[in-house]
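As the structure lists them, so they are numbered: ligands from 1, and atoms in each ligand from 1. All heavy atoms count here, side chains included; hydrogens, waters and symmetry mates do not.
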Amino acid sequence: MGAEVIKQVVYTAMFVVLVVTAAVIVRTFTVKPRTILAPPCTEDESGFIRADKEMINRFQTSLKFETISWEPGVYNVEELLNIQEFIKSLVNVPTFLAYNLINLPPLKKENVDCLRVIQELEDMKAQIKYVSSSQLELVNFVKSGKAIKRVSETSFVSSQTDTAHHELPDFTSDLLDDNLGHNPDITPDCATDDADSNTSLVSTMSEEELPYLTSNAVGPMLNVAQERSSVLNTVKVKSRVFTRTDKHLLRDVPKHKPYSYTSYSYALQSQREHNQEYLIGSVVGKKGLQHGHKHSVNANISCQSTTDIQCRESINVVLTAQMNKAASTSKEVSKMNCTGSNVLASTINSVADKDNYRPIAIKSSKILVTTLVLLDRLQFQLDTSSNQFGFKSKHAYPTVHKSPLVSVEVIANYSLLYTVHGSNSALKPYMLTGHLDVVPVPEDDWDAPPFAAEIKNGFIYGRGTIDDKHIVFGILEALEFLLKHDFKPERTFYIGFGHDEEVAGEHGAFRIAELLTSRGIHLDFLLDEGPGVLSGVIPGVSKPVGLVGCSEKGFVTLKLEVSTSGGHSSMPEKESSIGILAQAITRLETNPHPSVFGTGPEKGTFEHLAPEMNLPYKMVMSNLWLFYPLVSRVLSWKPSTNSIVRTTTAVTQFNAGIKPNIIAPHAEAIVNHRIHPSETVQDVIDFDKKVINDDRVKITIIQSQEPLPVSSYDDDVFGWQIVKTSILQVWGHYGTVVAPGLMPANTDTRHYTEITENIYRFSPSFMLPEDLSRFHGRNERISTKNYEEAVNFFYHVIKNADKAKLEPVHKHGEEL
Ligand SMILES: CCCCCCCC/C=C\CCCCCCCC(=O)N[C@@H](CCSC)C(=O)O
């Protein structure tokens, strides 16, 4: 009886194995390539667009920057104001400029949520305390007489002081009380009893003396000088470097001139010492800077590569105090009661609109102003007479900008919305999008300079080449070409170029979408940046794959914080804030979010690609019903493929501790998750809490975005087929196959979800595995040939999309 049962079980198992094997074999050999519906767009009357020298030149120009620098020297107030004006013109560009470069809070008023600012202030308490203690050190430094002694030995640089304008604003009188008063040891009198000598001490430092006038000393000395209402007439401005294309704003700024002032001003700059760059700060006030008058203070701070937090913080406190005081008539500021360096920008900003204050935030190294330059390249200008925006005649794309079929609107000052008017209003419009901004270059050890657009071995190097000026200029080139060849579209289409995609697009794309919505526009489809033509990236596929993002992962950025009592490092508790937080981070990294492979559009990737794979892969990929776990595991090995399998976890920042012998009372880290479309922000937080399993770790959401809906990639969906066909028209001769996929990063498309269901993400970039790290990384580049392909890709998209509908060429492929 027992033997009979065993026999039955074995037979059944063999049968199951046989059936499964048969099913696998059948599936493997019956999967067929997917359908292409659109007829190939032949090299027709308008021909193929060749990338001639001029076209490459136009693209190079969009990537290039020149550097303007302020050399070490002494500037008079007019010169400084010129510089301020110039910087103002930069900072007034997009908020991301300052935000990206020096990590200040966004500077525009609408971005400054008062509660958040106050929260930030709360968060900074520990630091502020520390700043206070460094102030004590500063005062002691001055008290010790080092600086004074040095100066008294100095042969003074004579300064041209305009004695007619010596009245200083009276807001400095209680400055130190406000900021240092909680410590009775710190008073202005600590520095010296002789106000005049202090003043001359500050005002007459020679350049050689600057190493002794350390940042630590500058703050209190200035305070003292201000406190005594004395003349502060000469300070040094040292090497400050900016980048901009045209120099006209700074033309003829003389160097090394004595500094005179009309009312009140000072500028501070660090010196380089032991290869460390110290803090920089300046405040320039125009005549009439007094209570009751219209304020006109430009503050200019720069956070820098210094490792010396003390310096930075102390000077910022001084500046903050000045600004707070100067802005004391502004309700917002007094309400916020802000002190502390990080709040400076917000403080200044909060009065910017009312009192003509302009926040100015600069970096001590290069400022890279892509948006501004790009607009210059298009020679964009405001025609104030007609209150409309217009373009000069000699710009790079004259046909586009002069065509009666094209209208251009400027959105949120810097973003651009083009409408190309079609003749048939029955056809639903579509939209092409790209962005004008780029990310900064944290290091410049590139094979070619990142902002020179040099061509090396057939590749144009430059920030923005693949992210994503090739899209912006590819579209403009294609449209220029088409219009020149009398193209008159039937279907209306829009082109949207946002200016702040790299910091979430909340001004540019958001406002463009808002405008289109207000006009009741609904799009057939929208095409934005995305993966690209990937060669050797997807396991098992030897052909290049045109991967089109049909959905986009969400994200949540979390702040993890631990606070303990801190104390003296000689008597430590068993656990520290740093240790507890590190443990939490380790738990997150060693417990990745579970694989959800196959529940999102990545399933479609493999369904489309299976027929193209080599046999073993083909067998596995066409039978995902059986091999999901195996495939998921293999894909998890590499960061690029792992990104489509699960919600990812990236620990991007960690801050704690200020001194070797102080136990850090507070530690915090930033964790950035990219959320798979089958999960939500809440799922992610719940998972993290469970994994961390420690109530001492406080978790707060900094920013989040749910994953975006999955757009259809059915063969009868117009937008999908337009994109697919156009890819094949350009890259088909390499044997390229097209597949839907998941966009692992974020784009501007989230802002357009209300005006279309069909959003596709594809960049016309040909990418090898090693190219993926060029996004936001070193040696971003595109080959001249690839740029030509990008232009032709958009040419085909525009031509294909102008048809009323697409006819099938083959039958539909089978579902897997
Ligand atoms: C089997 C499939 C393999 C999939 C491989 C994926 C390959 C993806 C290739 C390229 C994708 C790079 C796209 C870069 C786009 C950059 C856009 C960007 O950086 N956006 C910012 C937006 C910030 S908004 C808060 C971002 O951080 O995501």
Side-chain angles (χ1 to χ4, degrees), residues 96 99-100 106 433-435 437-440 463-471 498 500-510 528-541 544-557 597-598 600-610 612-613 617 621 624 631-632 634-646 648 650 652 670 672-676 702-705 707-708 737 739-751 761-777 780:
F96 69 80
Y99 186 75
N100 261 2
T433 52
H435 60 87
D437 55 321
V438 296
V439 289
R463 183 53 96 222
T465 44
I466 53 170
D467 184 9
D468 82 7
K469 288 184 181 171
H470 67 324
I471 290 183
D500 57 350
E501 186 273 346
E502 296 293 359
V503 285
E506 278 159 15
H507 294 263
F510 175 81
D528 197 4
E529 66 177 328
V533 182
L534 310 176
S535 181
V537 173
I538 301 182
V541 196
V545 176
L547 194 67
V548 182
C550 291
S551 176
E552 184 174 307
K553 288 179 101 175
F555 72 90
V556 58
T557 302
F597 176 64
E602 72 283 354
K603 183 175 177 222
T605 309
F606 291 97
E607 284 175 348
H608 277 68
L609 295 180
E612 313 294 341
M613 292 180 167
Y617 278 101
M621 295 301 186
L624 289 177
V631 175
S632 155
V634 171
L635 292 177
S636 303
W637 289 342
K638 280 206 269 173
S640 60
T641 47
N642 181 51
S643 72
I644 62 154
V645 165
R646 54 171 45 82
T648 52
T652 50
I670 301 291
N672 181 248
H673 291 289
R674 301 295 172 127
I675 308 169
H676 188 277
I702 305 279
Q703 206 183 6
S704 70
Q705 162 75 48
L708 295 195
V737 287
L742 175 60
M743 172 67 171
N746 292 109
T747 67
D748 267 344
T749 57
R750 82 191 75 163
H751 302 298
R761 300 158 190 87
F762 174 79
S763 290
S765 322
F766 192 93
M767 312 287 294
L768 298 172
E770 62 268 28
D771 293 326
L772 294 179
S773 62
R774 299 183 198 274
F775 283 104
H776 294 199
E780 188 177 345

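- Looking at atom 14 (C) of ligand 1, its nearest protein heavy atom turns out to be Phe775 CD2, 3.6 Å.
- Not counting sequence neighbours, Glu529 has no partner by the salt bridge (charged side-chain N to carboxylate O under 4.0 Å, His left out) test.
- The nearest protein atom to atom 3 (C) of ligand 1, hydrogens excluded, is given as Thr641 CG2, 4.0 Å; this is a heavy-atom distance.
- Side-chain contact of Thr557 with Asn672: a donor-acceptor pair under 3.5 Å is present, judged by distance alone.
- Residue contacts with ligand 1, taken as heavy atom pairs separated by less than 4.0 Å, do not involve Thr605 at all.
- Every atom of ligand 1 is numbered from 1 in the order shown, and the set under 4.0 Å from a heavy atom of Phe606 is 1 (C).
- Those atoms of ligand 1 with a heavy atom of Asp467 less than 4.0 angstrom away are 16 (C).
- Within the listing of ligand 1, atoms 24 (S) sit less than 4.0 angstrom from a heavy atom of Ala504.
- Between Glu780 and Arg774 there is no salt bridge, since none of the side-chain N atoms of the basic residue sits less than 4.0 Å from a carboxylate O of the acidic one.
- Using a 4.0 angstrom heavy-atom cutoff, Glu602 does not count as in contact with ligand 1.
- For atom 23 (C) of ligand 1, the nearest protein heavy atom (residue, atom name, distance) is Glu502 O, 4.0 Å.
- Under 4.0 Å from ligand 1, the heavy atoms of Arg750 that appear belong solely to its side chain.
- Of the protein's non-hydrogen atoms, the one nearest atom 22 (C) of ligand 1 is Asn746 O, 3.6 Å.
- The shell of residues lying under 4.0 angstrom from ligand 1, judged by heavy atoms, includes Leu772.
- Considering only non-hydrogen protein atoms, atom 2 (C) of ligand 1 sits nearest to Ile644 CD1, 3.6 Å.
- Checking only distances, Ser643 never comes within under 3.5 Å of ligand 1, N or O to N or O.
- The N/O atoms of Arg674, backbone and side chain alike, include one that comes under 3.5 Å of an N/O atom in ligand 1.
- Partners of Ser636 under the side-chain hydrogen bond (donor to acceptor under 3.5 Å, both in side chains) rule, at least two apart in sequence or in another chain, are Arg646.
- Heavy atoms of other residues, nucleotides or ligands lying less than 6.0 angstrom from CZ of Phe555 number more than 12.
- Remark: among candidates Met743, Glu529, Met767, the nearest residue to atom 13 (C) of ligand 1 is Met743, based on non-hydrogen atoms.
- Considering backbone and side-chain atoms alike, Ser640 places every N or O at 3.5 Å or more from each N or O of ligand 1.
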